[in-house]
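Counting convention: from 1, in listed order, for ligands and their atoms alike. All values below were derived from every heavy atom in this structure, side-chain atoms included, with hydrogens, water molecules and symmetry-related copies excluded.
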Amino acid sequence: MEPQALENAALAAAGAATSVEEIENVRVEFLGRKSELKLALREVRDRETGMALNALRERLEDAIDAREAELERAELDRRLTDERVDVTMPGTPIRRGHLHLITQIRREVEDIFLGLGYTVIDGREVETTRYNFDALNFPPGHPTRSPLQTLFLDDETVLRTETSPSQIRTMESQEPPVYIVTLGRVYRRDTPDATHTPTFHQVECLAVDEGITLGDLEGTLDYLLKALFGEERRSKFVTHHFPFTEPSVEALVSCHICDGPGCPVCRHSGWIEVGGSGMVDPNLFEFVGYDPERYTGFAFGWGLERIAVLRHGIPDLRELWRNDPRLLGQF
Ligand code: DAH
């Protein structure tokens with residue numbers, strides 16, 4: 001091929017190349033070891049032709065390099081565009097879990113009492129009948145002692161029916177003053193229905209010191225009720241009976257629906273029962289070796305599920321155990 005024709009052909013091929021791979025092929029074709037130009041250069045006999053062919057080689061090299069650089073840039077641009085991540089696009093949402101409602105309430109109650117200077121302690125779920133019943137002043141033959149109501153592991157071991165045995169264990173392990181709360185599961189032989197589950201949670205509180213009065217109990221419970229249900233709620237206390245308190249009182253909170261006059265939710269009384277409490281029976285002090293002449297104390301034990309029901313209007317306690325995220329996700 002004439003040098004001019006060769007140059008034209010090479011420049012045309014370089015211009016037509018559309019990728020780095022193609023331009024490499026053009027380079028091999030026109031400048032490679034077996035290319036026409038290289039073969040011609042090897043055969044050169046005179047200086048003039050040699051210089052002309054070398055000049056042609058240089059021009060072709062420059063043209064091919066330039067085209068290659070152009071194509072590389074274009075490919076990089078294309079990759080940058082194709083692979084660009086738009087950080088302003090909304091991502092794929094990740095479903096986040098959160099604490100179960102009962103765990104939330106548990107932590108809330110713990111925080112309230114930590115704020116009042118109480119200590120949060122652990123209790124045990126497997127208890128002896130001595131701590132679950134005897135020490136708490138349950139008389140022989142009390143219905144709760146029956147295997148029909150309580151889950152026995154053996155004759156002397158039960159799944160605790162309430163958190164109150166922690167009161168005894170705490171008093172046995174320390175001298176007054178005592179200001180503790182303990183929260184955890186309790187077990188009863190109940191058939192599940194809308195208002196019963198065989199396992200539920202209680203918060204137990206015990207305060208023992210010199211000069212503790214029923215007024216201290218009511219003040220503490222009023223504070224707790226307002227912290228849980230809102231400042232505008234009122235509290236009241238009515239007599240009740242528990243083996244381990246004397247006197248025993250049931251705490252009531254003003255109805256959140258009617259706030260007084262009565263409605264179906266509060267069974268037309270204006271008040272809703274929250275849980276049991278009272279002044280520690282001196283028999284418990286004698287059991288643990290506290291001086292009942294010197295010390296008095298109050299205690300209460302409330303259900304966390306009851307707090308959840310009253311606060312969120314959960315119609316069926318079993319829902320809290322079904323773990324359906326559509327329900328639990330609302331809290
Ligand atoms: N243990 C009682 C129950 O499970 C609740 C209770 C009532 C606990 C009075 C107390 C208390 O500490 O003083 O029904």
Side-chain angles (χ1 to χ4, degrees), residues 102 106 109 113 118-121 123-125 127 129-139 142-146 149-151 158-172 178-190 195-209 212-222 224-225 235-253 272-285 287-288 290 292 295-307 309-310 317:
I102 294 299
R106 176 183 181 148
V109 173
F113 279 93
Y118 283 69
T119 305
V120 178
I121 62 150
R124 48 176 87 181
E125 295 185 12
E127 266 298 359
T129 50
R130 185 172 148 80
Y131 283 91
N132 199 80
F133 300 124
D134 303 339
L136 289 169
N137 217 20
F138 279 85
H142 190 284
T144 314
R145 289 180 179 263
S146 152
Q149 289 199 5
T150 296
L151 290 153
V158 297
L159 291 182
R160 66 176 176 189
T161 55
E162 53 193 354
T163 40
S164 304
S166 307
Q167 291 188 29
I168 305 296
R169 293 195 178 273
T170 305
M171 290 193 284
E172 274 185 345
V178 174
Y179 290 91
I180 60 101
V181 283
T182 182
L183 298 91
R185 291 186 175 195
V186 300
Y187 301 85
R188 292 184 192 174
R189 240 183 122 172
D190 277 328
T195 53
H196 297 87
T197 53
T199 307
F200 59 101
H201 300 77
Q202 288 186 329
V203 45
E204 187 86 20
C205 173
L206 174 69
V208 182
D209 209 336
I212 296 246
T213 67
L214 192 61
D216 295 319
L217 169 63
E218 296 187 354
T220 305
L221 292 181
D222 184 68
L224 176 60
L225 284 175
S235 61
K236 107 173 171 181
F237 302 90
V238 296
T239 55
H240 206 280
H241 173 76
F242 299 102
F244 35 87
T245 42
E246 183 58 40
S248 303
V249 292
E250 171 92 18
L252 307 174
V253 63
I272 296 176
E273 294 164 5
V274 188
S277 58
M279 299 304 287
V280 180
D281 191 301
N283 284 346
L284 272 62
F285 289 158
F287 187 93
V288 301
Y290 281 8
Y295 296 111
T296 51
F298 70 69
F300 70 85
W302 288 3
L304 299 189
E305 279 78 1
R306 180 124 188 92
I307 293 170
V309 164
L310 292 181
L317 279 185

| task | Could you list the atoms of ligand 1 found under 4.0 angstrom from a heavy atom of Phe242? | result | 7 (C), 9 (C)
| query | Parallel, tilted or perpendicular for Phe287 and Tyr131, by the 30°/60° rule? | reply | perpendicular
| query | What protein heavy atom sits nearest atom 6 (C) of ligand 1, and how far off is it? | reply | Gly301 N, 3.7 Å
| Considering only heavy atoms of Thr245, which atoms of ligand 1 have at least one such atom less than 4.0 Å away? | 13 (O)
| Which atoms from ligand 1 have a heavy atom of Gln167 less than 4.0 Å away? | 12 (O)
| query | Taking both backbone and side-chain atoms of Glu204, is any N or O found less than 3.5 Å from an N or O belonging to ligand 1? | reply | yes
| Side chain or backbone of Ser277 under 4.0 Å from ligand 1, or both, or neither, by non-hydrogen atoms? | backbone
| said: For atom 2 (C) of ligand 1, what's the nearest protein heavy-atom neighbour? Residue, atom name and distance, please. | reply: Glu162 OE1, 3.5 Å
| field | Heavy-atom nearest neighbour in the protein, as seen from atom 11 (C) of ligand 1, with distance rounded to 0.1 Å | value | Phe244 CE1, 3.5 Å
| Heteroatom distance test (Arg188, ligand 1): nitrogen or oxygen, under 3.5 angstrom | yes
| query | What closest approach, in Å, do Leu225 and Ser235 show between heavy atoms, and which atom pair accounts for it? | reply | CD1-CB, 3.5 Å
| query | Heavy-atom contacts under 4.0 Å between Phe298 and ligand 1: side chain, backbone, both, or neither? | reply | neither
| Least distance between heavy atoms, Glu250 atom then Val274 atom | OE2-N, 3.9 Å
| For Phe200, is the NZ or CZ atom of Arg188 found under 6.0 angstrom from the centre of its six-membered ring and inside 45 degrees of the ring axis? | no
| Proximal ligand 1 atoms for Gly278, defined as those under 4.0 Å from one of its heavy atoms | 13 (O)
| query | Of the options Asn132, Val186, Val158, Thr129, which is the one that meets Pro165 in a side-chain contact (heavy atoms from CB on, under 4.5 Å)? | reply | Asn132
| said: In terms of relative ring orientation, are Phe244 and Phe138 parallel, tilted or perpendicular, with 30° and 60° separating the classes? | reply: tilted
| message | I need the nearest protein heavy-atom contact for atom 7 (C) of ligand 1: residue, atom name and distance, please. | response | Gly276 C, 3.4 Å
| query | ligand 1 versus His241, non-hydrogen atoms closer than 4.0 Å: side chain, backbone, both, neither? | reply | neither
| request: Please list, chain by chain and in numerical order, all residues satisfying side-chain contact (heavy atoms from CB on, under 4.5 Å) with Arg189, sequence neighbours excluded. | output: Leu151
| Can you find a non-hydrogen atom of Gln202 under 4.0 Å from ligand 1? | yes
| Shortest non-hydrogen contact between Phe133 and Thr144, atoms and distance | CZ-O, 3.4 Å
| query | Do the side-chain N and O atoms of Glu204 and Gln167 include a donor-acceptor pair separated by under 3.5 angstrom? | reply | yes
